Amino acid sequence: PDVGAAIREVEHSLDVLKLEGVCLLTHVGTRHLGHTDEDELYAELDRRNAVVFVHPLRNQATNMPVYTYPSGMTELVLDTTRAIHNLLWNGTFAKFPNIRWIMPHGGGTVPFLIYRMSAMDNHPKARERLPGGTVRSALRTLYYDVAEINAPGPLRCLMDIAEPSHILFGSDFPFSRHTNPAQDVRDTIAGFSAFDGWDE
């Protein structure tokens with residue numbers, strides 16, 4: 001939430017530590033990525049042509065109906081979806097076109113929701129904030145990792161919205177909460193390799 005401190009951390013990470021990029025979380029406090037209060041941070045990242053890897057957090061909403069399954073099974077991909085939509089709606093991708101965004105988990109549920117989200121194409125003020133003037137064209141500027149989506153259905157959905165050269169390998173290792181993170185990596189590699197949608 002401290003934009004000035006975040007900018008100083010970007011400077012330290014990229015200039016002093018010489019890291020390849022930075023990681024931003026899908027939301028901090030009450031704000032999802034793309035909130036205009038953070039534009040100064042995005043401007044600094046844009047100036048540097050920075051790589052920004054996004055990773056989700058579980059939703060912190062209170063007074064929600066209770067469910068009994070582990071929240072990571074749905075909440076992480078849903079929070080990724082919320083962040084991407086907020087970035088689109090607020091025009092962050094258009095205002096700061098030099099940031100190279102890597103979205104986790106195949107973009108959450110965005111590939112499945114492309115029809116609903118494309119309603120922005122018919123909303124004049126929203127459309128002018130989209131690179132290329134459509135949701136689909138804006139999404140094609142992003143990069144996506146395939147962690148936790150390596151099944152044919154999700155990969156086909158991702159191929160519908162992403163440039164093939166913008167699909168990146170990812171495994172969630174070592175942060176997977178499954179019982180055997182190393183097996184998760186092996187399963188991810190097997191699923192990625194077996195998908196019949198790739199050409200050479």
Side-chain angles (χ1 to χ4, degrees), residues 1 3 6-7 10 21-61 74-149 153-168 170 197:
V3 173
I7 291 170
V10 165
V22 298
C23 178
L24 295 179
L25 300 174
T26 47
H27 72 268
V28 176
T30 59
R31 296 191 311 228
H32 275 93
L33 286 177
H35 196 288
T36 55
D37 285 354
E38 298 164 359
D39 277 0
E40 190 178 351
L41 170 61
Y42 302 135
E44 179 63 20
L45 293 165
D46 186 74
R47 185 181 72 76
R48 294 169 170 274
N49 297 312
V51 173
V52 174
F53 175 71
V54 174
H55 201 275
L57 290 172
R58 286 162 179 77
N59 192 307
Q60 304 299 309
T74 57
E75 289 308 306
L76 296 176
V77 292
L78 295 174
D79 213 55
T80 297
T81 303
R82 292 182 192 102
I84 292 172
H85 204 165
N86 208 52
L87 287 156
L88 285 165
W89 186 262
N90 288 307
T92 308
F93 299 134
K95 285 188 282 188
F96 308 106
N98 297 315
I99 298 174
R100 290 170 288 165
W101 297 92
I102 302 173
M103 297 302 173
H105 310 132
T109 62
V110 167
F112 183 78
L113 295 175
I114 185 68
Y115 177 81
R116 294 179 70 89
M117 292 173 67
S118 291
M120 291 174 63
D121 299 351
N122 301 316
H123 191 289
K125 288 187 178 179
R127 185 176 59 240
E128 68 189 27
R129 296 190 297 258
L130 296 170
T134 67
V135 167
R136 189 173 290 279
S137 62
L139 293 174
R140 290 188 86 74
T141 68
L142 308 178
Y143 292 80
Y144 303 86
D145 81 22
V146 296
E148 304 279 353
I149 69 157
L155 288 171
R156 283 193 189 93
C157 284
L158 179 58
M159 292 284 284
D160 186 53
I161 67 157
E163 290 291 338
S165 62
H166 285 209
I167 297 174
L168 309 174

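Side chains included, hydrogens not; waters and symmetry mates left out as well; all remaining heavy atoms used. What you are looking at is a predicted structure, and each value in this text was computed from that prediction instead of being measured.
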Visitor: Testing Leu45, Leu87, Thr141, Ile84 for side-chain contact (heavy atoms from CB on, under 4.5 Å) with Trp101, which one passes?
Guide: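 Option passing the side-chain contact (heavy atoms from CB on, under 4.5 Å) with Trp101: Leu87.
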Visitor: Can you see which heavy atom on Ile167 is nearest to which on Ala162, and at what distance?
Guide: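 It is CG1-CB, 4.0 Å.
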Visitor: On a heavy-atom basis, which atom in Thr26 and which in Thr80 lie closest, and how many Å separate them?
Guide: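 Reported closest heavy-atom pair: CG2-CA, 3.8 Å.
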Visitor: For Arg129, enumerate each residue passing the side-chain contact (heavy atoms from CB on, under 4.5 Å) test, keeping only those at least two apart in sequence or located in another chain.
Guide: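 For Arg129 the side-chain contact (heavy atoms from CB on, under 4.5 Å) partners, ignoring immediate neighbours, are Trp89, Lys125, Ala126.
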Visitor: Using every non-hydrogen atom in the two residues, find where Gly34 and Asn86 come nearest and quote the distance to one decimal.
Guide: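 So the two residues come closest at C-ND2, 3.9 Å.
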Visitor: What I want to check is whether the side chains of Thr81 and Thr109 have a donor and an acceptor closer together than 3.5 Å.
Guide: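 Yes, a side-chain donor-acceptor pair sits under 3.5 Å.
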Visitor: With side chains defined as the heavy atoms from C-beta onward, is the minimum distance between Leu168 and Ile102 less than 4.5 Å?
Guide: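 A side-chain contact exists here, since the closest heavy-atom pair is under 4.5 Å.
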Visitor: Before giving the answer on side-chain contact (heavy atoms from CB on, under 4.5 Å), spell out for Arg31 and Asp37 the whole-Å C-alpha distance, their side-chain angles and the decisive distance to 0.1 Å.
Guide: CA-CA 9 Å; Arg31 296 191 311 228; Asp37 285 354; 3.7 Å; yes
Visitor: For Arg127, what residues pass the side chain to side chain donor-acceptor pair (under 3.5 Å) criterion, not counting sequence neighbours?
Guide: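 Expected list: none.
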Visitor: One pair to check against side-chain contact (heavy atoms from CB on, under 4.5 Å): Phe53 and Leu24. What are the steps and the verdict?
Guide: CA-CA 6 Å; Phe53 175 71; Leu24 295 179; over 6 Å; no
Visitor: One pair to check against side-chain contact (heavy atoms from CB on, under 4.5 Å): Val54 and Leu25. What are the steps and the verdict?
Guide: CA-CA 6 Å; Val54 174; Leu25 300 174; over 6 Å; no
Visitor: Salt-bridge test for Asp79 and Arg58: reply yes if a basic N is under 4.0 Å from a carboxylate O, no otherwise.
Guide: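 No, this pair does not count.
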Visitor: Could you give me the CA-CA distance, side-chain angles and deciding distance for Glu40 and Ile7, then say whether side-chain contact (heavy atoms from CB on, under 4.5 Å) is met?
Guide: CA-CA 8 Å; Glu40 190 178 351; Ile7 291 170; 3.6 Å; yes
Visitor: If you take all heavy atoms of Leu76 and Leu57, which pair is closest and at what distance?
Guide: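 Minimum heavy-atom contact is CD2-C, 3.6 Å.
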Visitor: Going by side chain to side chain donor-acceptor pair (under 3.5 Å), name the residues that satisfy it together with Arg140, two or more places apart in sequence or in a different chain.
Guide: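 Counting only residues at least two positions away or on another chain, Arg140 forms a side chain to side chain donor-acceptor pair (under 3.5 Å) with Glu163.
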Visitor: State whether a side-chain donor-acceptor pair under 3.5 Å links Asn90 with His35.
Guide: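 No, His35 and Asn90 have no side-chain donor paired with an acceptor closer than 3.5 Å.
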Visitor: Measure the spacing between CD of Glu38 and CZ of Phe96 and express it to the nearest 0.5 Å.
Guide: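 Here the rounded value is 10.5 Å.
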Visitor: Once rounded to the nearest 0.5 Å, what's the spacing between atom CG of Leu158 and atom CD1 of Ile149?
Guide: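 Reported to 0.5 Å precision, the distance equals 5.0 Å.
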Visitor: Any carboxylate oxygen within less than 4.0 angstrom of a Lys/Arg side-chain nitrogen, looking at Asp160 and Arg136?
Guide: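 Looking at Arg136 together with Asp160, the answer is yes, because their closest N to O distance falls below 4.0 Å.
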Visitor: So, taking the atom named CG in Leu130 and the one named CZ in Phe93, what distance separates them when rounded to the nearest 0.5 Å?
Guide: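 The CG atom of Leu130 sits 10.0 Å away from the CZ atom of Phe93.
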Visitor: Please verify the inter-ring angle class for His55 with His105; under 30° counts as parallel, over 60° as perpendicular, anything in between as tilted.
Guide: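 The arrangement is perpendicular - the two ring planes meet at more than 60°.
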Visitor: Rounded to the nearest 0.5 Å, how far does CG of Leu139 lie from CE of Met117?
Guide: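 Output value for this atom pair is 5.5 Å.
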Visitor: Do side-chain atoms of Tyr144 reach the backbone of Pro104 as a donor and acceptor pair under 3.5 angstrom?
Guide: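 Absent.
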Visitor: Which heavy atom of Gly106 sits nearest a heavy atom of Pro111, and at what distance?
Guide: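 Closest pair (atom of Gly106, atom of Pro111, distance): O-CG, 3.4 Å.
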Visitor: So how far is it from Met120 CE to Asn122 CG, rounded to the nearest 0.5 Å?
Guide: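 If we round to the nearest 0.5 Å, Met120:CE and Asn122:CG are 11.0 Å apart.
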Visitor: Calculate, to the nearest 0.5 Å, the distance between atoms OH and CZ belonging to Tyr143 and Arg100 respectively.
Guide: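 One finds 7.0 Å between OH of Tyr143 and CZ of Arg100.
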Visitor: Return the minimal non-hydrogen interatomic distance between Gly133 and Ser137, and the atom names on each side.
Guide: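 Closest pair (atom of Gly133, atom of Ser137, distance): N-OG, 3.8 Å.
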Visitor: Please determine which of Val3, Leu33, Asp46 meets the side-chain contact (heavy atoms from CB on, under 4.5 Å) test together with Leu41.
Guide: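 Answer after filtering Val3, Leu33, Asp46: Val3.
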